[in-house]
Amino acid sequence: GAEDFFQELLRLLPLNPSAISNIFEMSLSAGIPSSDYNGTIRRILEALVAHDQRPMAIGCAEKLRQIDGVREFYMSLV
């Protein structure tokens with residue numbers, strides 16, 4: 001499901017951060033997850049920042065800030 005999809009995005013992110021950040025953002029347009037069970041979403045956001053995609057990470061984190069763990073990460077970015 002969604003968790004597997006996010007794990008695959010996380011795996012691929014270092015190969016093409018710009019493309020993966022766009023795919024991640026588009027996936028959020030389809031629906032906002034209600035939780036981050038394994039911390040994968042937060043790890044994606046952290047990886048986006050680490051790979052020079054900070055503005056995209058902030059935008060995505062803003063959409064996801066109702067999720068525990070992501071909220072704290074979002075507040076640390078802004």
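Model, not experiment: these values are computed from the prediction.
- For the 3.5 Å distance criterion, the side chains of Ser18 and Gln53 fail to qualify, holding no donor opposite an acceptor.
- Panel note: side chain Asn22, backbone Met26; no donor-acceptor pair is recorded below 3.5 Å.
- Remark: Leu15 CG to Ile20 CD1 distance equals 7.5 Å, nearest 0.5 Å.
- Residues Ile41 and Pro33 come closest through the heavy atom pair CD1-CG, 3.7 Å.
- For the pair Gln66/Ile32, a side-chain contact is recorded, criterion being any heavy-atom separation below 4.5 Å from C-beta on.
- In this structure, the side chains of Leu45 and Cys60 come closer than 4.5 Å at one or more pairs of heavy atoms.
- By the rule that hydrophobic residues join a cluster once side-chain heavy atoms approach within less than 4.5 Å of another member, Tyr37 and Leu28 end up as members of separate clusters.
- Taking the side chain as every heavy atom from C-beta outward, Asp52 and Pro17 never approach each other to under 4.5 Å.
- Side-chain contact between Phe73 and Val49: present, with at least one pair of heavy atoms (C-beta onward) separated by less than 4.5 Å.
- In terms of modelled atom types and a separation under 3.5 Å, the side chain of Arg65 and the main chain of Glu62 share a donor-acceptor contact.
- Cluster annotation: Leu48 is connected to Phe5 through the hydrophobic network of ILVMFWY side chains, with a link wherever side-chain heavy atoms come within less than 4.5 Å.
- Ion pairing between a basic and an acidic side chain is recognised when a charged N comes within 4.0 Å of a carboxylate O; Glu46 and Arg43 show no such pairing.
- Put simply, the side chain of Phe6 does not reach to within 4.5 Å of the side chain of Asn38, judged on heavy atoms.
- In this structure, the separation between CD1 on Ile67 and OG on Ser34 is 7.0 Å, given to the nearest 0.5 Å.
- Counting only heavy atoms from C-beta outward, the side chains of Arg71 and Leu64 never approach each other to under 4.5 Å.
- When atom types are taken as modelled, the side chain of Arg42 and the backbone of Gly69 share a donor-acceptor pair closer than 3.5 angstrom.
- Using a 4.5 Å heavy-atom threshold, the side chains of Met75 and Glu72 count as separate.
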